[in-house]
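Take a look at the structure below.
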Amino acid sequence: GYATLAASAARRYDVHLRRVATALEGEADEDVDGVVDLGELAAYVELHLKRAARTTKGVRRARIDLAGVAEPARCLLTSEPEMFRDRLEDDAEGQVRRTVALQALDAIRRSGAITDAERRLGRFLLGTLEQGLGPAELELKALFADLVGGRLDPAYVTDALTALRLDDRRTLVVPDAFPTIQAALDAAMAGDTVLVREGRYDEHVVFKNGVRLRGEGRDRTILGMVPGHTEVLLAEGCGWGVIESLQIDGTGGTAIGDWSPDGIHLKGATVRVRDCLVHDCLGAGLYASDAGCRPNVVDCIFERNAQDGACFQKTSAGRIADCIARSNGAVGIQVREGVTGLEIVSCRAAQNKDAGLGVHGGSSATLVGNDCGGNGAHGILVWDPKTDVVLRGNTCSDNTILGIFVVQQAKALVTGSVCERNKESGIVVSGVGTEARLVENQCSRNEAGEGGQRAGIVFRDGARGTA
């Protein structure tokens with residue numbers, strides 16, 4: 001009986017949550033005074049779930065995650081919607097907004113999920129977090145925007161919340177107060193910002209968990225390679241952190257055994273990298289590796305690196321968006337060796353020696369809205385058994401060989417992509433065991449396909465699929 005009561009209350013909770021979201025967004029003439037207090041309703045659900053939990057059968061019948069039901073509403077809404085809105089309007093210093101946003105992030109982290117209605121409430125709350133509140137608050141806003149937009153794994157905020165607590169934050173300035181970047185990082189605590197003034201700093205930097213490392217602009221604050229190290233900047237085992245507005249210059253790096261030094265190495269680290277320029281490294285511009293690594297890379301440029309512009313290997317999901325990978329010595333952005341669930345969104349990969357984007361080694365990835373043109377081989381290359389990708393809305397043009405190449409038993413869904421003016425075919429699916437489903441793609445003005453003939457789409461050598 002308790003399980004039935006809990007399930008019924010949970011359905012009421014979901015209905016009322018949608019009604020409150022609609023009322024707060026002003027999308028309907030909702031009578032907000034008549035909306036049941038969601039905190040009380042969530043508590044009611046929680047009570048009966050606890051009672052139902054006394055028997056395994058009861059829990060199985062309820063099919064409700066206790067934390068997922070009870071906590072987000074209680075934290076997102078402190079009272080009736082009208083009262084909540086009034087509190088925000090009276091909140092000149094932004095304290096209520098920041099506190100509620102932190103509580104909401106904490107609830108999302110603990111529940112491990114966020115519902116559509118909660119996203120809508122989150123977007124409303126996000127609109128109340130104004131610009132100019134300081135670096136920690138702006139990072140909070142960015143985190144919240146990614147969460148409600150569905151672009152960030154809720155697990156990412158575990159350490160971020162600790163680092164973003166608004167008490168006792170400090171800004172450590174290099175070289176004003178600390179002679180080197182490493183000295184400032186060593187003195188920093190979670191939540192602190194290390195601000196690096198304009199200039200060039202030739203030092204090997206080891207990043208610290210929970211810290212924001214910020215330059216004064218990627219054209220003004222430069223970190224240079226120190227020979228004898230495997231990278232310019234290393235972040236290892238960090239649960240959260242931000243690296244932003246820096247230029248990483250790999251000039252002068254020397255090989256160490258079989259290892260070619262990289263620009264930034266994220267080793268088992270969940271770190272946000274944004275607004276950085278990484279160039280002229282002997283290895284990759286960005287190298288993200290090992291389990292536990294969930295990189296979030298935004299608005300960066302990787303150019304003239306001897307190997308890949310950015311390489312992801314054995315990482316656990318992650319996202320790279322609005323980045324440029326150009327004129328690199330191998331692949332613009334490469335995903336390899338068992339990466340799971342990586343997203344590559346709205347990036348430009350051009351004039352790279354091999355492919356613009358490459359996915360292989362049994363990895364899974366989603367590539368959306370990328371522009372891959374003028375590369376020395378293919379626009380997008382997908383290969384190897386157990387490699388599984390979704391390609392949606394990508395443009396692959398003017399490449400030396402193919403626009404999109406799926407081969408060696410890989411699997412792909414390719415939709416809404418444009419492949420034109422490539423030197424050979426637009427899309428080629430090749431080899432026994434290779435499968436692809438092609439939907440609403442446009443392939444035109446490709447120069448030479450099978451047997452020297454123009455070919456927009458080719459299935460060959462035993463490959464299977466539909467177009």
Side-chain angles (χ1 to χ4, degrees), residues 116 149-151 317 319-325 331-335 339-350 352 355-360 363-375 377-467:
D116 179 65
R151 298 185 298 272
R319 189 171 191 266
I320 178 168
D322 301 307
C323 291
I324 298 173
V331 178
I333 301 173
Q334 182 162 198
V335 183
V339 170
T340 55
L342 184 74
E343 293 184 346
I344 304 176
V345 181
S346 301
C347 291
R348 182 169 182 263
N352 298 287
L357 305 177
V359 184
H360 66 106
S363 299
S364 62
T366 301
L367 284 56
V368 181
N370 301 288
D371 185 356
C372 306
N375 295 288
H378 317 295
I380 298 176
L381 173 60
V382 180
W383 79 103
D384 280 346
K386 297 184 179 179
T387 299
D388 194 349
V389 300
V390 175
L391 310 178
R392 187 167 64 248
N394 300 286
T395 298
C396 300
S397 59
D398 300 298
N399 295 289
T400 301
I401 305 180
L402 306 174
I404 297 174
F405 190 21
V406 184
V407 67
Q408 294 179 3
Q409 301 178 51
K411 292 179 172 56
L413 169 63
V414 185
T415 66
S417 295
V418 176
C419 299
E420 57 186 11
R421 299 188 306 276
N422 298 289
K423 295 299 182 181
E424 295 189 13
S425 300
I427 302 175
V428 172
V429 184
S430 177
V432 174
T434 305
E435 297 181 21
R437 181 185 174 204
L438 314 181
V439 181
E440 296 183 352
N441 301 288
Q442 177 180 318
C443 300
S444 63
R445 293 174 288 171
N446 297 289
E447 295 186 14
E450 296 292 283
Q453 302 298 314
R454 292 177 182 269
I457 296 174
V458 177
F459 284 83
R460 71 185 186 196
D461 299 331
R464 301 176 59 185
T466 59

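Not measured: the values here are computed from a predicted model.
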task = Kindly indicate whether the side chain of I344, heavy atoms from C-beta on, has any atom under 4.5 Å from the side chain of V335.
result = yes
Flag side-chain contact, heavy atom, 4.5 Å: L342 against S363 = no
query = Closest approach of N446 and G456, non-hydrogen atoms and distance?
reply = ND2-CA, 4.3 Å
query = Between N441 (side chain) and S417 (backbone), is there a donor-acceptor pair under 3.5 Å?
reply = yes
message = Does any part of the side chain of F459, heavy atoms only, come nearer than 4.5 Å to the side chain of L438, both counted from C-beta?
response = yes
query = Do the side chain of N394 and the main chain of C372 share a donor and acceptor less than 3.5 angstrom apart?
reply = no
message = So which atom in A325 and which in G332 form the shortest heavy-atom distance, rounded to 0.1 Å?
response = CB-O, 3.4 Å
ask   = Quick one: CD on Q409 to OG on S430, what's the gap to the nearest 0.5 Å?
value = 11.5 Å
ask   = How far does CD1 of I457 sit from CD of Q442, to the nearest 0.5 angstrom?
value = 10.5 Å
request  = Evaluate the side-chain proximity of V458 to V428: yes if any heavy-atom separation is below 4.5 Å, no if none is.
outcome  = yes
query = Which residues satisfy the salt bridge (charged side-chain N to carboxylate O under 4.0 Å, His left out) test with R437, sequence neighbours excluded?
reply = none
Separation of R319 CZ from T366 OG1 (nearest 0.5 Å) = 11.0 Å
ask   = Which of these passes side-chain contact (heavy atoms from CB on, under 4.5 Å) with I380: I333, V359, L391?
value = L391
request  = Looking only at non-hydrogen atoms, find the nearest pair between G356 and A349 and report the distance.
outcome  = O-CB, 3.4 Å
ask   = Closest approach of N422 and C396, non-hydrogen atoms and distance?
value = ND2-O, 3.1 Å
ask   = Judged by atom type as modelled, is there a donor-acceptor pair below 3.5 Å linking the side chain of S425 to the main-chain atoms of L402?
value = no
query = Counting only N and O atoms by type, is there a donor-acceptor contact under 3.5 Å from the side chain of N370 to the main-chain atoms of S346?
reply = yes
request  = Calculate, to the nearest 0.5 Å, the distance between atoms CG and SG belonging to D322 and C347 respectively.
outcome  = 6.5 Å
ask   = Got a second to check how far D461's CG is from Q408's CD, nearest 0.5 Å?
value = 11.5 Å
key: Nearest heavy-atom neighbours spanning T387 and W383   = OG1-O, 2.9 Å
query = Given H378 and N399, is the side-chain contact (heavy atoms from CB on, under 4.5 Å) satisfied, shown in steps?
reply = CA-CA 6 Å; H378 317 295; N399 295 289; 5.7 Å; no
query = Is R421 paired with D398 through a side-chain N to carboxylate O contact shorter than 4.0 Å?
reply = yes
inquiry  = Whether the side chain of N375 engages the backbone of N352 through a donor-acceptor N/O pair (distance < 3.5 Å, no angle test) should be reported.
reply    = yes
query = Got a donor-acceptor contact below 3.5 angstrom from the T415 side chain to the E440 backbone?
reply = no
task = Could you tell me whether R392 atom CZ has more than 12 heavy atoms of other residues or ligands within 6.0 Å of it?
result = no
message = Nearest 0.5 angstrom please: R445 CZ to E420 CD, how far?
response = 4.5 Å
remark   = For V429 and R464, the nearest pair of non-hydrogen atoms, with its separation, is CG1-O, 4.4 Å
